[in-house]
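The structure displayed is predicted, hence computed values, not measured ones.
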Amino acid sequence: MKLILASFLAIIALAWGWEILSPGHQAVGGSLAWTVYHEGLILTGLWSICLMSLAMILATRPAWLERPLGGMDRIYRLHKWSGILAVGFAAAHWLLEMADDLVETLAGRAGHVDSDELSAFAEPLRDLGEDLGEWVIYVLFALLLITLWKQFSYRLWRPLHRAMPVLYLLVVFHAVVLAPAGYWNQPIGLLLTVLFAGGSVASVLSLTGRIGRKRKVSGRIVSVRNPTPDVVEVQCRLDKQWRGHRSGQFAFVTFDTGEGAHPFTIASADCGDHTVTFDIKALGDYTRQLPRHLSPGSPVQVEGPYGRFDYRRANRRARQIWIAAGIGITPFLAWLESLQGDRTTAVSADLHYCVRDRTADPFVERLEALCAGLPEVRLHVHDKQSGRLTAEALARESADAKRAEVWFCGPRGLGEALRDGLRHAWPGNRVRFHQEAFEMR
């Protein structure tokens, strides 16, 4: 993700630099101080609006990008950080705009040219664009703080976040009317045109509720049960339009239209009967209340499937290490179900399941039953009594392997600790670490 964002920013900077070096470049000041100031103002604005455009495009859940980017979970992480960086550069752009008087005090008025004087638009439009841009930045600051404040209710955050397409279109207007006129016959102008067009189309799709429409399927809840007080298992039968799923994928599920869609991993294999199962743990207000509101026969809408957490992508020459913690076991349950009786896709792996107490966990017995029919899959359950799973233990267990693939689904902190620990405990080996990035907000 860092490489993608860095490359994206570098492309924008190169296009900006190309325009500066072109013969038709309009100088923004007669002194070095004012030139640096104005170009810094323009570059931070370009980075901000281009990142906003990228975030808007990624918000449409483009399934065709799953293969190159590694899955919808990573697309959403890229969307999230594009938005955060966009607001960060917007803050830098705003601070530079506010520092006009300071630069004038330090460098003098000589050589100063207002950036909007370089625009090809009439003064009324420039003034309107400047005013709109300033107020939108204030709103974006507030939305970013609310988004990063995890305790803020999702039910309240969702309608606020849906205002982003409107804010984006206002920022596009701000950028178009204030961008230097010479930009539009340069590579930077072509780049902006493509990004603005893509972001604007994405905004319209969002405002009209058409994101993911072709992948939405209605259905009914077949059964609801509670394996434990904090886990609800929901089985749904979907309409014939359901295209099926690969084990390990997830879907956006809507039980309550007022609450909207939430991502849940599909915890069952695809048997061709349009039935999917979700094991949902109470991790917030919404998921804690689900058991009281769900019942057989209730309507459900499922959008998907998405994701590339798929054992069939595994390198058969590498040692397979599967690690799950808590409700992160759900994709592995689907994997194990799909492997039952299918020797053509058999895979040798060590499955490590981390729980607090194996005697009280609802999935241990089911895992033991599934693994009993798969001698190539060795189950290891780690709890308080047996001791916590560590990277050192994994390295010792696989000391004879020269390369390994780790498939992890669980709390981010544990995943990062294991990934970093393996780099130190297993320095001479090639370890590829697959981790679900389930943070959609």
Side-chain angles (χ1 to χ4, degrees), residues 72-73 215-256 259 261-283 286-312 322 324-342 345 351 353 355 361-374 377 379 407 409-410 436 438:
M72 190 58 65
D73 56 322
R215 287 178 168 256
K216 289 180 181 177
V217 178
S218 298
R220 295 282 174 179
I221 294 175
V222 175
S223 65
V224 181
R225 72 183 191 93
N226 288 95
T228 65
D230 63 343
V231 174
V232 58
E233 185 177 271
V234 186
Q235 187 180 57
C236 308
R237 180 166 289 112
L238 306 178
D239 294 343
K240 292 182 179 180
Q241 289 78 12
W242 177 248
R243 65 186 67 192
H245 69 278
R246 298 190 304 272
S247 299
Q249 289 190 296
F250 70 94
F252 290 91
V253 185
T254 303
F255 295 116
D256 176 4
E259 176 69 23
H262 286 255
F264 299 117
T265 298
I266 302 172
S268 57
D270 188 353
C271 299
D273 58 357
H274 306 285
T275 299
V276 292
T277 300
F278 302 98
D279 286 297
I280 304 168
K281 187 171 184 178
L283 297 174
Y286 172 67
T287 49
R288 275 193 290 268
Q289 296 171 5
L290 272 181
R292 299 200 301 269
H293 299 294
L294 302 182
S295 60
S298 297
V300 63
Q301 187 179 74
V302 176
E303 179 197 329
Y306 295 110
R308 290 179 56 78
F309 197 76
D310 186 354
Y311 69 88
R312 287 175 293 187
W322 302 351
I327 203 62
I329 194 61
T330 48
F332 299 103
L333 290 173
W335 285 14
L336 296 174
E337 277 191 15
S338 67
L339 287 168
Q340 298 298 312
D342 186 359
T345 57
L351 172 57
Y353 181 37
V355 295
D361 187 85
F363 300 113
V364 170
E365 185 177 349
R366 183 177 169 189
L367 284 170
E368 290 174 340
L370 289 169
C371 290
L374 299 169
V377 179
L379 176 64
W407 298 78
C409 189
E436 287 278 76
F438 260 128

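With contacts defined as side-chain heavy-atom distances shorter than 4.5 Å, the pair Phe363/Val355 does not qualify. Between Thr287 and Phe264 the shortest side-chain heavy-atom distance falls below 4.5 Å. Side-chain contact between Tyr306 and Asp73 is absent, with no heavy atoms from C-beta onward closer than 4.5 Å. Here the side chains of Trp322 and Leu336 are in contact, with some heavy-atom distance below 4.5 Å.
A donor-acceptor pair is defined here as one N or O able to donate and one able to accept, closer than 3.5 Å; such a pair exists between the side chain of Arg220 and the backbone of Gly297. Between the side chain of Gln340 and the backbone N or O of Leu370, at least one donor-acceptor pair lies under 3.5 Å. Gln301 places no side-chain N or O within 3.5 Å of a backbone atom of Thr254 that could act as its donor or acceptor partner. Put simply, the side chain of Asp230 never gets that close to the backbone of Ala282: no donor and acceptor are under 3.5 Å apart. At distances below 3.5 Å, not a single donor-acceptor pair connects side-chain atoms of Gln235 with backbone N or O atoms of Thr277. Formation of a donor-acceptor pair under 3.5 Å by the Arg237 side chain with backbone atoms of Gly219 is not found in this model.
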Working for ring-ring contact (aromatic ring centres under 6.0 Å, His included), residues Phe309 and Phe250: CA-CA 9 Å; Phe309 197 76; Phe250 70 94; over 10 Å; no
message: Let's go through His293 and Asp256 carefully: what are the C-alpha distance in whole Å and the side-chain angles of both, what is the deciding distance for side chain to side chain contact (heavy atoms under 4.5 Å, CB included) to 0.1 Å, and is it a yes or a no?
response: CA-CA 9 Å; His293 299 294; Asp256 176 4; over 6 Å; no
task: Before giving the answer on side chain to side chain contact (heavy atoms under 4.5 Å, CB included), spell out for Ile280 and Phe255 the whole-Å C-alpha distance, their side-chain angles and the decisive distance to 0.1 Å.
output: CA-CA 12 Å; Ile280 304 168; Phe255 295 116; 4.0 Å; yes
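The ring of His262 has its center closer than 6.0 angstrom to the ring center of Tyr286.
Every residue two or more places apart in sequence or in another chain that forms a side-chain contact (heavy atoms from CB on, under 4.5 Å) with Gln241 is listed here: Val217, Asp239.
Counting non-hydrogen atoms of neighbouring residues, nucleotides and ligands closer than 6.0 angstrom, the CD atom of Glu368 exceeds 12 such neighbours.
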